[in-house]
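Note that ligands are numbered from 1 as they come in the structure, with each ligand's atoms numbered from 1 the same way.
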Amino acid sequence: MTAKRNILVTGGLGFIGSHTVLCLNEAGYNPIIIDNLHNSKIEVLDALEELLGYRPVFVQGDVNDEALINGLFVTHSPEAVIHFAAHKAVGESVDNPLMYYQNNVVGLITLLAAMKAQDCSKMVFSSSCTVYGEPETVPVKESTPTRPAASPYGATKQMAEVILKDNNWCEVQCLRYFNPVGAHPTAKIGELPLGVPNNLIPYLTQTVAGIREKLTVYGGDYHTADGTCIRDYIHVMDLAEAHVAAIDRLFTSQRIQKVLEGDPSTDAFEVFNIGTGVGYSVLEVINAFEKATGERVNYSVGNRRAGDVVAVWADTEKVNQVLGWSAKRDLATMMKDAWNWQKNC
Ligand code: WQD
């Protein structure tokens, strides 16, 4: 029985991080979680224990804490890092940009310094389709030129990608997420927005649950078929499985050796769009939710939200071919799982 590889999961009690912890374990890895509980709760660890059958290693702390991070590497010798820990609300970043630059950019640099000091040279990085800004054409390919980010959140992800590309001693699988939604089918873990949700689906499910009075659709006058913005919604379990595919590649592709030998055709930094390849408008999502759950959504169309792009969805050819991964769960499943989680949490 070969020893399991330790994988450090920053933000591992968060929405995507917690689902990825389950998939890592399923794939034979040993997840080591660090989380500052800024956007998650310790109860998620209890739920993970229930689902895993053991309590994963958890350290409460911040990626900006260099001493803590160095200590984690010395104690657990992770062979790779999945870096989720970051603030991620587009609207919030417009109101509080410095908090986003401190956490998302300085935090990454601190983590990379510790990785280098401890000779850990493999990372899966949580990036975002927001790096494309308002794309001129959709669907977006990885080669689609990035444009000025529409929000400080998107700018922090653009900066992070530049830092990771230049930091060429570290082999990086950079995953550009589209819109993660849904929850684990057991409804024991899911999206836990603390306070008023910034994102569409938690606000929608909280409205249907009676926690919020009404959902406001931010803008009905965009140049789309029904006037509302279009996004590529992806089930969080599909997204979690994509992270395992990326980790597997880091340990099987031998690319870093070619990079170190100076092979010009191999890059230590690989980027993938992690979406379904299908775009849905806000109104289409509301209709899909009502059809999938039999519930009615109380909403009205209001003003546009600062930082929003009109339409973005993924071209997924590269990730399908290189990682052998594609999304398997449809919008109806995303809506059912999101609603089951809301009823359960
Ligand atoms: C989706 C659509 C809103 C709330 C997210 C993540 C970000 C990144 C990209 C990973 C938009 C509309 C929303 C509401 C609404 N993912 N909306 N009423 O802004 O696309 O960004 O995906 O990195 O981290 O935040 O997602 O869910 O906020 O908005 O009408 O109450 O829903 O205008 O068109 P967004 P979102």
Side-chain angles (χ1 to χ4, degrees), residues 11 14-17 39 83-95 100 103-104 125-135 138 140 149-158 160-161 174-182 191 193 195-208 211-224 226-236 238-240 242-243 271-276 279-286 288-289 297-314 331 334-335 338:
F15 177 34
I16 307 162
N39 197 23
H83 184 36
F84 290 109
H87 296 319
K88 60 102 183 167
V90 170
E92 183 188 48
S93 76
V94 174
D95 300 333
Y100 274 67
N103 194 46
N104 296 9
F125 178 68
S126 165
S127 190
S128 166
C129 61
T130 46
V131 303
Y132 295 110
E134 183 72 70
V138 278
V140 288
S151 67
Y153 166 75
T156 67
K157 293 300 181 180
Q158 289 178 336
E161 290 197 4
C174 179
L175 306 186
R176 288 175 180 167
Y177 306 164
F178 284 71
N179 287 55
V181 298
E191 191 165 7
V196 179
N198 290 293
N199 293 127
L200 174 65
I201 299 306
Y203 203 104
L204 184 156
T205 58
Q206 287 189 10
T207 301
V208 178
I211 299 166
R212 309 289 163 198
E213 191 187 337
K214 181 186 280 191
L215 168 71
T216 301
V217 174
Y218 293 143
D221 58 351
Y222 286 100
H223 294 294
T224 61
D226 63 16
T228 63
C229 294
I230 297 170
R231 297 287 185 277
D232 184 331
Y233 297 92
I234 176 171
H235 197 293
V236 64
D238 279 325
L239 184 53
H243 286 77
V271 61
F272 297 102
N273 285 336
I274 308 297
T276 65
Y280 289 104
S281 74
V282 177
L283 291 181
E284 285 173 326
V285 168
I286 292 171
F289 180 89
V297 180
N298 180 24
Y299 74 92
S300 63
V301 179
N303 295 328
R304 295 182 175 191
R305 178 177 69 176
D308 274 334
V309 299
V310 184
V312 61
W313 68 91
L331 188 61
M334 295 179 218
M335 296 298 107

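One finds the CG atom of Asn273 at 10.5 Å from the OG atom of Ser128 (value rounded to the nearest 0.5 Å). Considering OH of Tyr218 and CG of Leu200, their distance stands at 9.5 Å, rounded to 0.5 Å. The CD atom of Glu134 sits 9.5 Å away from the CG atom of Asp308 when rounded to the nearest 0.5 Å.
For atom 8 (C) of ligand 1, the nearest protein heavy atom (residue, atom name, distance) is Ser128 OG, 3.6 Å. Protein heavy atom nearest atom 27 (O) of ligand 1, with residue, atom name and distance: Leu200 N, 2.8 Å. Among protein heavy atoms, the minimum distance from atom 24 (O) of ligand 1 is reached at Lys88 O, 2.8 Å. Given atom 18 (N) of ligand 1, the protein heavy atom at minimum distance is Thr216 O, 2.8 Å. Protein heavy atom nearest atom 16 (N) of ligand 1, with residue, atom name and distance: Phe178 O, 3.2 Å. The protein non-hydrogen atom at the shortest distance from atom 17 (N) of ligand 1 is Tyr218 CD1, 3.6 Å. Nearest protein heavy-atom contact of atom 29 (O) of ligand 1 is Arg305 NH2, 3.4 Å. Of the protein's non-hydrogen atoms, the one nearest atom 21 (O) of ligand 1 is Val90 CG2, 3.7 Å.
Taking all heavy atoms of Leu204, Val312, Asp308 into account, the minimum distance to atom 33 (O) of ligand 1 is reached by Asp308.
With sequence neighbours excluded, the residues satisfying side chain to side chain contact (heavy atoms under 4.5 Å, CB included) with Glu92 are Ala89, Met99, Tyr100, Asn198. Not a single side chain to side chain donor-acceptor pair (under 3.5 Å) links Ser93 to another residue, sequence neighbours left out.
Taking a cut-off of under 4.0 Å to the non-hydrogen atoms of Cys229, the atoms of ligand 1 that pass are 34 (O). For ligand 1, the atoms closer than 4.0 angstrom to any heavy atom of Asn198 are 4 (C), 28 (O). Heavy-atom proximity to Val217, at under 4.0 Å, picks out these atoms of ligand 1: 30 (O). Close approach of ligand 1 to Tyr233 is summarised as follows: ligand atoms under 4.0 Å from at least one heavy atom of the residue are 1 (C), 2 (C).
When atom types are taken as modelled, the side chain of Glu191 and the backbone of Val181 share no donor-acceptor pair closer than 3.5 angstrom.
The side-chain hydrogen bond (donor to acceptor under 3.5 Å, both in side chains) test with Ser127 is passed by exactly one of Gln158, Lys157, Glu161, Arg176: Glu161.
With a heavy-atom cut-off of 4.0 Å, Thr228 does not touch ligand 1 at all. Contacts of Asn199 with ligand 1, taken as heavy-atom pairs under 4.0 Å, involve both backbone and side chain. Of all the heavy atoms of Tyr153, the ones lying under 4.0 Å from any atom of ligand 1 belong exclusively to the side chain.
Considering backbone and side-chain N/O of Tyr203, none are found under 3.5 Å from N/O of ligand 1. Checking only distances, Ile201 never comes within under 3.5 Å of ligand 1, N or O to N or O. Any N or O atom pair closer than 3.5 Å counts here, and Asn179 shares at least one such pair with ligand 1. The N/O atoms of Ala89, backbone and side chain alike, include none that comes under 3.5 Å of an N/O atom in ligand 1. Considering both main-chain and side-chain atoms, Tyr177 never comes within under 3.5 Å of ligand 1 through any nitrogen or oxygen pair.
The local environment of CG in Asn303 is sparse, with at most 12 non-hydrogen atoms from other residues, nucleotides or ligands closer than 6.0 Å.
Side-chain polar atoms of Asp232 and Thr276 form a donor-acceptor pair below 3.5 angstrom.
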